[in-house]
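All chains are named by letter (A, B, ...) in the order of the sequence lines, taking the proteins before the strands, and each is independently numbered beginning at 1.
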Amino acid sequence: MPELPDVEKFRLYLQSTALHQQIRTTSIVDAAVLKGIGESHFSESLRGRTFEKAHRHGKFCFLRQDDQRFVFLHFGMTGFVKYYTKEMTAPEHIRLSFEFTNDYTLAYNCQRKFGQVGITNDIEGFIDSEELGPDALDGEFGEDEFIQRLQGRRGMLKTALMNQQVIAGIGNIYSDEILFQQRLHPKISLGQLKKTTLQRIYTTMREVLTKAIHAEADPAKMAPSMLTHHRYGDGKCPSCKADIEKIEVAGRRSCYCPSCQDN
DNA sequence: ACATTGACCTGAGAGC
DNA sequence: TGCTCTCAGGTCAATG
């Protein structure tokens, strides 16, 4: 699932559930999801800590601890978090969990183990070391910088939008949505785009992501004018009712309307 | 510098 | 019902 809107949903969820509770124990069910830290070191450094705030950059979520360090969470393709009590059904595929002194558990779940969890001293340093681009919805990330980061690149627009080093947060689904909203073919290359088109793409990117957040990243809750609303359902273009086509672009399945996006 | 491919993992759903 | 095959919203490394 998790692209920027999904991760923002997780951040808000964490923000409203798992903060200010003392951690009693940490269970590591599958150490494969830990990155850059060993099992025992991870558990020890979290014992007795509380989470004070949830942050996000691109597809990464950060839980600030009361010692000012951060647990970072990446969700891969199948990750999510759940806060629950023993009376509630535990999620499947728990990879690690925090048990709080209020008897609630915060579980990090990931069916395929593409996600990762670790500890970092500061978010800025983490972003630098991961070489992440600016968060797609960051208030500081304006149109000029967007154009600057895309202009002069070669290759396809979709690839650049999904490249976390260029812009952080966009994946396969929302790059398709941005392309659809601008009626651009998924294989269009950056060299074909005028500056005015890039300006419109920037605005569309922000709108698409903002709308998706408002819809809680749930395709069913999105406006019918959005491609994402149709890609799992009727498979019809919301504009012209043509069948949505699926082609492979940059190794990913790309959905588009062959009639509206025929440039 | 970029595209392509395969690898990493696991399970849901389709088709037989 | 049970088996096999295909596919999945991410990322990385190797290769062309």
Who are the ring-ring contact (aromatic ring centres under 6.0 Å, His included) partners of A:F146, not counting sequence neighbours?
-> A:Y202

Check every strand shown and say whether [X] touches a base, only sugar-phosphate, or nothing at a heavy-atom separation below 4.0 Å.
{"X": "A:Y232", "answer": "base"}
{"X": "A:T228", "answer": "nothing"}
{"X": "A:M162", "answer": "nothing"}

Earlier contact from the 5' end, DNA chain C, for A:Q111 and A:Q164 = A:Q111

5' precedence on DNA chain C between A:A217 and A:Q165 (nearest-nucleotide basis) |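 First, find each residue's nearest nucleotide; the 5'-ward one identifies A:A217.
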
Stems formed with participation of DNA chain C [Watson-Crick or G-U wobble, under 3.5 Å, three or more pairs] | B:2-8 with C:10-16, B:10-16 with C:2-8

Would you check if the side chain of A:R95 reaches a backbone N or O of A:Q111 as a donor-acceptor pair within less than 3.5 Å?
->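 Yes.
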
Check for a donor-acceptor pair, side chain of A:D243 on one end and backbone N or O of A:K236 on the other, with a separation under 3.5 Å.
->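 Pair absent, no side-chain N/O of A:D243 close to backbone of A:K236.
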
Under 4.0 Å from OP1 or OP2 of [N]: is there any side-chain N or O of [X] that close?
{"X": "A:K113", "N": "B:dT10", "result": "yes"}
{"X": "A:H74", "N": "C:dT11", "result": "yes"}
{"X": "A:R253", "N": "C:dC7", "result": "no"}
{"X": "A:K59", "N": "C:dT11", "result": "yes"}

[options]: which one has an atom nearest the side-chain heavy atoms of [X]?
{"X": "A:R95", "options": "C:dG9, B:dT10, B:dA3", "value": "B:dT10"}
{"X": "A:I173", "options": "C:dG9, B:dA3, C:dT11", "value": "C:dG9"}
{"X": "A:R252", "options": "B:dT10, C:dT11, C:dG10", "value": "C:dG10"}

Given DNA chain B, 5'-ward residue of the pair A:G251 and A:R154, judged by closest heavy atom =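 Nearest-nucleotide comparison on DNA chain B picks A:R154.
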
hbond_proxy A:D6 side chain to C:dG9 base (donor-acceptor, 3.5 Å cutoff) |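 Donor-acceptor pair under 3.5 Å: yes.
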
Do NZ/NE/NH1/NH2 and the carboxylate oxygens of [X] and [Y] come within less than 4.0 Å?
{"X": "A:R24", "Y": "A:E99", "answer": "yes"}
{"X": "A:E8", "Y": "A:R11", "answer": "yes"}
{"X": "A:K158", "Y": "A:D176", "answer": "yes"}

Can you tell me the distance, in whole Å, between the [atom1] atom of [X] and the [atom2] atom of [N]?
{"X": "A:N109", "N": "B:dT10", "atom1": "CG", "atom2": "P", "value": "15 Å"}
{"X": "A:F75", "N": "B:dC9", "atom1": "CZ", "atom2": "C1'", "value": "18 Å"}
{"X": "A:L73", "N": "C:dG10", "atom1": "CG", "atom2": "C1'", "value": "15 Å"}
{"X": "A:R112", "N": "C:dG9", "atom1": "CZ", "atom2": "P", "value": "9 Å"}
{"X": "A:Q116", "N": "C:dG10", "atom1": "CD", "atom2": "P", "value": "14 Å"}
{"X": "A:E130", "N": "C:dG10", "atom1": "CD", "atom2": "P", "value": "16 Å"}
{"X": "A:F10", "N": "C:dG10", "atom1": "CZ", "atom2": "P", "value": "12 Å"}
{"X": "A:K158", "N": "C:dG9", "atom1": "NZ", "atom2": "C1'", "value": "10 Å"}

Between B:dC9 and C:dA14, how far apart are the P atoms? Round to whole Å, please.
->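 Straight-line distance between the two P atoms is 16 Å.
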
Considering only the C1' atoms, how many Å lie between B:dA12 and C:dT11, rounded to the nearest integer?
-> 22 Å

Contact check, side chains of A:F42 and A:I119, non-hydrogen atoms, under 4.5 Å =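 Heavy-atom side-chain distance check passes, below 4.5 Å.
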
Would you sort out whether A:K35 and A:E130 count as a salt bridge (charged side-chain N to carboxylate O under 4.0 Å, His left out), showing the intermediate values?
-> CA-CA 12 Å; A:K35 190 191 175 194; A:E130 296 285 315; 2.9 Å; yes

Is it the case that one hydrophobic cluster holds both A:Y13 and A:F100, taking links as side-chain heavy atoms less than 4.5 Å apart, direct or via other members?
-> yes

Could you check whether A:F114 and the base of B:dC8 form a stacked pair, meaning centres closer than 5.5 Å and planes differing by less than 30°?
-> yes

